[in-house]
Amino acid sequence: MTKPGRKVWGWMFFDWASQPYLTLLLTFIFGPYFTSAIVDDSVRGQEYWGWMLAGVGVLVALLAPLLGSMADASGSRLRWVAGFSVVHAGAACSLWWALPGSPHVAWILVAFGAGLLAVEFSTIFTNAMLPGLGDRLQIGVISGSGWAFGYAGGLLALLLVLAFLAENDSGLTLIGAEPVLGLDPAMREGTRAVGPFTAIWYLAFMVPFFLWVREGPTVAGQGAVSGLVTTIRNLPRQRSLLAFLLSSMFYRDALSGLYAFGGIYAAGVLGWSIVDIGVFGTVSLVFGAIFSWLGGFADRRFGPARVIIFCIALLAFACAIILSTSREVVFFIPVAADSPLADRVFLACGCLIGAGGGILQAASRTMMVIQANPRRMTEAFGLYALSGKATAFLAPMLVAIATGVFDDQRIGAMPLILLFLAGILLMYMVDPEGYLGDRKDNS
């Protein structure tokens, strides 16, 4: 692959800018803080968090295809990204007012969910720009490099937060100092400041995106609603695309569940502090960045379909290990209460999840480009978002229900394995030739 130009770098800066909302707020810092300090009950907090994510998933499923179709009809992807950027930054800033023990739990969840929706919708439009960045052999490497760059941004942001903002139970950051700027550890101001920090990070690093990325000429076609209706009506005849969308519906739902509940699980089951979870996140992101980049070359060598199947199996294996591990048992074998083995096993699983999850998501972007009609690419990624969110309420809902019924966080996370297995089975029905293969079959 030739050296990436400014347009490719600008496109990759979206991953760099947006990753901290997922890394800092969803997974490693704010999510565990919500359950441990705002709700002050890890089981109930996980249940509330699950219902919030389920609601976000329903809204994405309902709106993503229509938004993508509207963007294809108008040729205004950049304007949509700009609009959602305002929501993204505003929602992140508002989390500063998420005080410990706050009675406004519902409003905090609404604010967080609005920002997460903005991230999801912006990603539809930026993913749809991928085909214009290179040819079919190049886009796998570009997608993997973009995901790796995003992980690197999330890693740097996490290190800065752990060193200077997020406090542990003793009121000190990872480097043993009090949070900067005189932030009060007793009121968890260091942890709450992660919201404004995420907003500033996003706005600053979206500048290269808006300066360097330009859209290609708009392809005339059907209107937004009529075009979407036609696409959905034709899906049964595009068997490969339909199989891939159904597969991704399950495996990306399970992966989102791992990301969303990983930090909460570690806090509730293993008793980890926010700083401990942050270290876990750091290691996971290092592996994610390295292997996402390497995965781009595996994508080019073996094709995205084989890469996706391998990564789903790897993630299901990691999930099974996690569910067999607690402070009292490792692989369901009893261990001493003060044994560090459970911590080490969970850390190793974090490495597997970081590596497998990064490669899987990058290869999935490539596969979607191959499967989609090039003339309706944003709409296709809207359907891709739909496939990732149509059952996105299912994993959090099942986790929430199972956690509430059994009053056990480990049992609550068990549905994720079944979703991964469903994704693998459906991937064997996907034609690696994608859109070209479907057209041959129907000619």
Side-chain angles (χ1 to χ4, degrees), residues 4 9 11-33 88 92 115-116 119 123 126 142-168 173-175 177 179-180 190-191 193-206 208-209 255-256 258-260 262-264 266-267 272-296 311 315 318 343 346-362 365:
W9 275 111
W11 179 82
M12 291 196 297
F13 259 104
F14 172 79
D15 284 335
W16 174 282
S18 61
Q19 183 64 35
Y21 201 100
L22 306 176
T23 302
L24 301 180
L25 301 184
L26 177 63
T27 306
F28 296 117
I29 304 296
F30 189 80
Y33 165 71
H88 179 144
L116 188 57
V119 174
T123 302
T126 56
I142 293 172
S143 182
S145 298
W147 216 274
F149 192 52
Y151 269 157
L155 173 61
L156 177 59
L158 181 59
L159 289 174
L160 291 173
V161 164
L162 291 176
F164 301 111
L165 290 176
E167 63 280 289
N168 57 25
T173 68
L174 183 62
I175 60 175
V180 297
T191 298
V194 175
F197 172 88
T198 300
I200 294 169
W201 177 282
Y202 179 78
L203 294 175
F205 289 112
M206 281 298 285
F209 176 87
L255 181 60
S256 296
L258 273 181
Y259 288 157
I264 294 172
W272 283 12
S273 69
I274 294 295
V275 172
D276 293 330
I277 295 169
V279 173
F280 167 79
T282 300
V283 175
S284 176
L285 287 170
V286 168
F287 274 76
I290 294 172
F291 282 90
S292 292
W293 178 69
L294 294 175
C311 289
L315 290 165
D343 302 306
F346 196 81
L347 186 63
C349 288
C351 298
L352 293 179
I353 293 169
I359 297 173
L360 177 61
Q361 293 177 96
R365 282 199 299 207

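Just so you know, these numbers come straight off a predicted model, no measurement behind them.
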So which atom in [X] and which in [Y] form the shortest heavy-atom distance, rounded to 0.1 Å?
X      : Y      : value
Ala148 : Ser292 : N-CB, 3.7 Å
Ile29  : Ala166 : CD1-CB, 4.4 Å
Ala318 : Cys349 : O-SG, 3.8 Å
Leu315 : Ile353 : CD2-CA, 3.7 Å
Phe149 : Met12  : CD2-O, 3.4 Å

Identify, with sequence neighbours excluded, every residue that meets side chain to side chain donor-acceptor pair (under 3.5 Å) alongside [X].
X      : value
Tyr33  : none
Asp343 : Trp272, Arg327
Thr23  : Gln19

Not counting sequence neighbours, which residues clear side chain to side chain contact (heavy atoms under 4.5 Å, CB included) with [X]? List them please.
X      : result
Ala92  : Tyr21, Leu25, Thr198, Ala199
Phe205 : Phe13, Trp16, Ala17, Trp201
Ser143 : Leu130, Ala362, Arg365, Thr366
Ile359 : Phe291, Val307, Cys311

Answer whether the closest heavy-atom distance between the side chains of [X] and [Y] falls below 4.5 Å.
X      : Y      : result
Leu24  : Leu158 : yes
Val180 : Leu165 : yes
Phe197 : Tyr202 : no

Considering residues, nucleotides and ligands other than Phe287, do more than 12 of their heavy atoms fall under 6.0 Å from its CZ? no
Apply the test side chain to side chain contact (heavy atoms under 4.5 Å, CB included) to residues Trp11 and Thr126: give CA-CA distance (whole Å), side-chain angles for both, the deciding distance (0.1 Å), then the verdict. CA-CA 7 Å; Trp11 179 82; Thr126 56; 4.2 Å; yes
Could you walk me through whether Leu159 and Leu174 pass the side chain to side chain contact (heavy atoms under 4.5 Å, CB included) test, one step at a time? CA-CA 9 Å; Leu159 289 174; Leu174 183 62; 5.7 Å; no
Quick one: side-chain hydrogen bond (donor to acceptor under 3.5 Å, both in side chains) pairs with a partner in residues 153-168, sequence neighbours left out? Glu167-Arg188, Glu167-Thr191, Asn168-Ser170
Sequence neighbours excluded, every pair satisfying side-chain hydrogen bond (donor to acceptor under 3.5 Å, both in side chains) that has a member inside residues 147-156: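 As it turns out, the side-chain hydrogen bond (donor to acceptor under 3.5 Å, both in side chains) pairs with a partner in residues 147-156, which skip direct neighbours, are Tyr151-Tyr259.
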If the condition is ring-ring contact (aromatic ring centres under 6.0 Å, His included), which residues does Phe209 pass it with, not counting sequence neighbours?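 For Phe209, no residue satisfies ring-ring contact (aromatic ring centres under 6.0 Å, His included) once neighbours in sequence are set aside.
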Can you measure from CG (Leu156) to CG (Leu285) and round to the nearest 0.5 angstrom? 11.0 Å
Say you draw a straight line from CG of Leu162 to CD1 of Ile175; how long is it, rounded to the nearest 0.5 Å? 10.5 Å
